[in-house]
Amino acid sequence: MTVFKARPDAPSRLGVRALAFTAVLCVACSDNKPKPVEPGPGDGGTDVRAQLLSAAGECILGTAREFLPKATALQTATAALRDAPDAAARTAARTAFHEAMDVWQVMEPMQVGPAAPRSSPGGAEIRDNIHSFPLYNRCSIEEQLVSKGYESASFSSSLVTRRGFLALEYLLFYEGAETACGPNSVIVAQGTWAALSADERAARKRAYAAVVAADVHKHAQALVTAWAPEGGNFLKTLATAGSGNAVFPSTQVALNAMSDALFYVEREGKDQKLARPLALRDCSSSICPELLESQFAGRSKQNLRQNLVGFRRLMDGCGPDFTGPGFDDVLAAVGAEGVATRMRQEVVEADAALVAVEEADLAQALVQDKPSVMTVYNDFKGITDTLKTDFITTLDLEPPAGLEGDND
């Protein structure tokens, strides 16, 4: 496969689009959409699909195993902050958060099987227990601070909006004194939030963060166990898709589950992380930075870059420089290498647009240079337009439920 790399010397926001690649392939210069091609006997199509399923499973398990020690370090760091709070411990906990989130955001477009919703084949909703975005309720977190609900034995089964990375980000990074709860909330109406001293509120946030980090670690371990050969062995379940497989009765069902996972860049990436803050939907102002994924740690831009890494691991390959079996090989096997090349180029362009955002994060960029964020959105739209058309059409895949009729 051809690998495009962004030039390290791209000098400016204006020049980055022109200098994004060291080589640019014509993508067959095609305006014609490829027609679906079914693999025939001896053409290698079926073998390539099987190789993809096996390699994708290894990739997902490998990334989950990469995340687990980061979750362990996060649990350790938040416990240390709780027990001996000082500036160094706070910095260490925040650093552990960033390092864990870097890996998790790579996992986000890999929601196949145990990480996926229960409505998906083999889904066990582990992902939502680790990171529930776009489901977020800051008031619910603050109500837990007042009630000390995080001390309850049943906390691990409470609403996901009270747990996971979004709660951790608030608890570790937000230093303000005001609450997001409205006047009808019990903690506002009864004055219990206002009654908390700054020291008591900070102590509860540290204790709450340690509980949440331990919960994240528990689910990180559950994800590895579910995939590992010595555990639930979902690795084998995916690799052996076909007759007799209760989860994936055909290779096509398995490929569809993987395709659904890739659509993360459409649903959560383009529509949630970009369109809403840009006021293209669900926003009545010119911009809505309060709808960005990362509200307090300033990593909305970094999260999107890591999402693209995860996307490419399945699309192009999980090896060094995105080599190895990927969806691009399946496309090539049915004569549609141009689709894979075009999508690869679109992903590299989207990453280059993110790099070109000069502000520290998207919150500042929305205010100071909204067009640069709009460029990121348009490049993500380029990826998702190809996903929704040539990609699924060529491989005879079904779009994810609820995506039909989405023409944006």
Donor-acceptor contact present, side-chain Asn256 to main-chain Glu398, <3.5 Å: yes
Inter- and intrachain pairs under ring pair (Phe, Tyr, Trp, His ring centres under 6.0 Å), touching residues 271-313, at least two apart: Tyr170-Phe296, Tyr174-Phe296
Steps toward side chain to side chain contact (heavy atoms under 4.5 Å, CB included) verdict (Val212, Leu171): CA-CA 10 Å; Val212 174; Leu171 295 167; 4.2 Å; yes
Sub-6.0 Å ring centroid separation between Tyr150 and Phe155: no
Glu290 vs Gln295 side-chain heavy atoms within contact, under 4.5 Å: yes
Side-chain ion pair, Lys301 and Glu358, N-O less than 4.0 Å: no
Lys273 and Asn307 side chains, donor-acceptor separation under 3.5 Å: yes
For the student: nearest non-hydrogen atoms of Ala353 and Thr375, plus distance: CB-CG2, 4.0 Å
Any donor-acceptor N/O pair, Asp321 side chain to Thr323 backbone, under 3.5 Å: no
Student check: side-chain heavy atoms of Met258 and Met315 closer than 4.5 Å: no
Any donor-acceptor pair under 3.5 Å from Ser157 side chain to Ser154 backbone: yes
Side chain to side chain contact (heavy atoms under 4.5 Å, CB included) evaluation trace for Phe380 with Leu308: CA-CA 10 Å; Phe380 265 74; Leu308 293 177; 3.7 Å; yes
Residues Lys70, Asp102: salt bridge by 4.0 Å N-O rule: no
Lys/Arg N to Asp/Glu carboxylate O, Arg267 vs Asp271, below 4.0 Å: no
Pair Asp361 + Arg299: basic N to acidic O under 4.0 Å: no
Non-neighbouring partners of Arg201 that pass salt bridge (charged side-chain N to carboxylate O under 4.0 Å, His left out), sequence neighbours left out: none
Rounded distance [0.5 Å steps], OG1 in Thr78 versus CG in Leu172: 7.0 Å
Thr161 vs Ile141 side-chain heavy atoms within contact, under 4.5 Å: no
Rounded distance [0.5 Å steps], CZ in Arg82 versus CZ in Arg206: 11.0 Å
Side-chain touch Phe165/Phe133, heavy atoms, less than 4.5 angstrom: no
Test log, rule side chain to side chain donor-acceptor pair (under 3.5 Å), inputs His131 and Glu169: CA-CA 11 Å; His131 189 47; Glu169 181 170 338; over 6 Å; no
Side chains of Val216 and Arg163 in contact at under 4.5 Å (non-hydrogen atoms): no
Qualifying residue, where the test is salt bridge (charged side-chain N to carboxylate O under 4.0 Å, His left out) with Asp328 and the options are Arg344, Arg312, Arg342: Arg344
Under 3.5 Å: donor-acceptor pair, side chain of Thr384, backbone of Leu387: no
Donor-acceptor under 3.5 Å (Ser185 side chain, Cys181 main chain): no
Basic-acidic side-chain contact under 4.0 Å: Arg162, Glu143: no
Aromatic ring pairing Phe67/Trp104, orientation class (parallel under 30°, perpendicular over 60°, tilted between): tilted
Residues Trp227, Glu58; criterion side chain to side chain contact (heavy atoms under 4.5 Å, CB included); working and verdict: CA-CA 9 Å; Trp227 275 94; Glu58 294 285 357; over 6 Å; no
Side-chain donor-acceptor pair present, Glu268, Gln111, cut-off under 3.5 Å: no
Backbone of Cys288 reached by a side-chain donor or acceptor of Ser285 within 3.5 Å: no
Closest contact, heavy atoms only, Leu74 versus Ala100: CD2-CB, 4.3 Å
Aromatic centroids of Phe391 and Phe327 separated by under 6.0 Å: yes
Donor-acceptor contact present, side-chain Lys218 to main-chain Ser156, <3.5 Å: no
Under 3.5 Å donor-acceptor, Ser54 side chain and Ala50 backbone: no
N/O donor-acceptor pair under 3.5 Å between Asn245 side chain and Thr237 backbone: yes
Distance in Å, Leu68 CG paired with Thr63 OG1, rounded so as to fall on 0.5 Å steps: 12.5 Å
Sidechain N-carboxylate O distance under 4.0 Å for Arg138, Glu142: yes
Pairwise side-chain contact, Gln364 with Asp369, heavy-atom cut-off 4.5 Å (strictly under): no
Closest contact, heavy atoms only, Leu292 versus Ser300: CB-OG, 3.6 Å
Pair Met374-Leu278, side chain to side chain contact (heavy atoms under 4.5 Å, CB included): steps then yes or no: CA-CA 7 Å; Met374 194 68 206; Leu278 279 164; 4.1 Å; yes
Pairwise distance CD1(Ile130) to CG(Leu168) - rounded to 0.5 angstrom: 11.5 Å
Least distance between heavy atoms, Leu235 atom then Gly57 atom: CD1-C, 3.2 Å
Euclidean distance, Ile287 CD1 relative to Leu280 CG, rounded to 0.5 Å: 12.0 Å
Least distance between heavy atoms, Leu53 atom then Ala241 atom: CD1-CB, 3.9 Å
Leu61 CG to Arg65 CZ distance, which is reported to the nearest 0.5 Å: 4.0 Å
No-hydrogen, no-angle side-chain donor-acceptor test under 3.5 Å, Gln345 and Thr341: no
Check: His98 ring centre within less than 6.0 Å of Phe173 ring centre: yes
Candidate pair Lys381 and Glu349, rule salt bridge (Lys or Arg N to Asp or Glu O under 4.0 Å), full reasoning: CA-CA 11 Å; Lys381 188 175 186 299; Glu349 286 182 339; over 6 Å; no
Non-hydrogen side-chain atoms of Gln272 and Glu293 separated by less than 4.5 Å: no
Heavy-atom check, side chain of Gln252 versus side chain of Leu255, under 4.5 Å: yes
Side chain Thr192, main chain Val188, donor-acceptor under 3.5 Å: no
Any donor-acceptor N or O pair under 3.5 Å, side chains His219, Glu125: no
Nearest heavy atoms of Val253 and Pro121, plus distance in Å: CG1-CG, 4.4 Å
